[in-house]
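Atoms considered below: every heavy atom in the structure, side chains included; atoms not considered: hydrogens, waters and symmetry mates.
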Amino acid sequence: MTTPEARPIRVLIVDDDALVRAGLSMILGGAGDVEIVGEAADGAEVPPIVAERRPDVVLMDIRMPGVDGLTATERLRAAGAPPEVVVLTTFHADAQVLRALRAGAAGFLLKDTPPAELVAAIRKVAAGEPILSPAVTRQLISHLSAAGADGRADRARALLGRLSEREREVALAVGRGRSNAEIGRELFMSVPTVKAHVSRILTKLQLNNRVQVALLVYDASL
């Protein structure tokens, strides 16, 4: 008996530069498990395309002349059953990138990311894994204004206070960039138990993904 092939990862590319869109389409189209289901040049075009073509991952440019990628990301992530969003940028440390991550983006990629790394990142995001290392998170936060930091810290600590002791341990491990397997080894849990804890953390704190958990841990200075 043969097993059906896994469905390809459906990707929508959003960038106002036609050459960038063409380059990304060529790179990702060469991967056998990735399907480009659409392109958009403006954030305003994203919702109807997402509704019609149901991408798994949206590659989202931040700076566009109409509706920018930040606004488009916030709108997408606020909708029901949104696709994962990966921010495309030319900057390592940028206030808009951090805002997109806080809105629920799964990570960001520089536009000059090597092709193999780009494809690997799409696969990770489609599998539910963030593509943001703790080091990059610290760099983003350290390069940005500290305005409102005290308020964020108080809010973050209050939110983390809703968690049980075990959930808090898992949240701190997520903040350190640990995978489910690594958390399981550190805390002597099975991987399914770790996944269940992460799911409960996201539900309790009304967060979209592990990146937001990590940002909350950093905001709380833990």
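- Two residues are said to be in side-chain contact when any heavy atoms from C-beta on lie closer than 4.5 Å; L59 and V85 fail this criterion.
- Checking side-chain atoms of N209 against main-chain N and O of G104 turns up a donor-acceptor pair under 3.5 Å.
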Inset, instruction - Kindly indicate, with the supporting measurements, whether the criterion side-chain contact (heavy atoms from CB on, under 4.5 Å) is fulfilled by L110 and T89. - result: CA-CA 5 Å; L110 297 178; T89 181; 3.9 Å; yes
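- In this structure, R77 and E84 have side chains that are in contact, with non-hydrogen atoms separated by less than 4.5 Å.
- Of the N and O atoms on the side chains of N180 and R210, at least one donor lies less than 3.5 Å from an acceptor on the other residue.
- A donor-acceptor pair under 3.5 Å links the side-chain atoms of S25 to the main chain of R21, judged by distance alone.
- Checking side-chain atoms of D15 against main-chain N and O of D61 turns up no donor-acceptor pair under 3.5 Å.
- Put simply, the side chain of L12 does not reach to within 4.5 Å of the side chain of V57, judged on heavy atoms.
- Smallest separation of non-hydrogen atoms from P55 and P83: O-CB, 3.2 Å.
- Heavy atoms from other residues, nucleotides or ligands lying under 6.0 Å from NZ of K195 number 12 at most.
- Rounding to the nearest 0.5 angstrom, the gap separating the CG atom in L28 from the CD1 atom in I9 is 9.5 Å.
- R75 pairs with exactly one of V67, V50, L70, V46 by the side-chain contact (heavy atoms from CB on, under 4.5 Å) rule, that one being V67.
- When atom types are taken as modelled, the side chain of R53 and the backbone of I36 share no donor-acceptor pair closer than 3.5 angstrom.
- The salt bridge (Lys or Arg N to Asp or Glu O under 4.0 Å) test with D56 singles out one residue from R7, R123, K124, R10, and that residue is R7.
- In this structure, CD on E167 lies 12.0 Å from CG on L172, to the nearest 0.5 angstrom.
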Legend entry - Worked check of side-chain contact (heavy atoms from CB on, under 4.5 Å) between R185 and R178: CA-CA 10 Å; R185 287 194 294 270; R178 302 291 192 264; over 6 Å; no
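- A salt bridge links E169 with R166; the closest basic N to acidic carboxylate O contact falls under 4.0 Å.
- The distance from atom OG1 of T73 to atom CE of M60, rounded to the nearest 0.5 Å, is 4.0 Å.
- Residue M64 holds its CE atom at 9.5 Å from CG of L88, rounded to the nearest 0.5 Å.
- When each of L76, I49, V125 is checked for a side-chain contact (heavy atoms from CB on, under 4.5 Å) with V58, only L76 meets the rule.
- When all heavy atoms of A103 and E74 are compared, the pair lying nearest together is CB-CG, 3.5 Å.
- Formation of a donor-acceptor pair under 3.5 Å by the E45 side chain with backbone atoms of A41 is found in this model.
- Residues L109 and A121 come closest through the heavy atom pair CD2-CB, 3.8 Å.
- Counting only heavy atoms from C-beta outward, the side chains of L163 and K204 approach each other to under 4.5 Å.
- Between the CZ atom of R162 and the CZ atom of R168 there is a distance of 13.5 Å, given to the nearest 0.5 Å.
- The closest side-chain heavy-atom distance from N208 to L202 is not below 4.5 Å.
- To the nearest 0.5 Å, atom CG of residue L118 and atom CD1 of residue I27 are 5.5 Å apart.
- Of the candidates R155, R102, R157, D219 forms a salt bridge (Lys or Arg N to Asp or Glu O under 4.0 Å) with just one, namely R102.
- With contacts defined as side-chain heavy-atom distances shorter than 4.5 Å, the pair V198/V170 qualifies.
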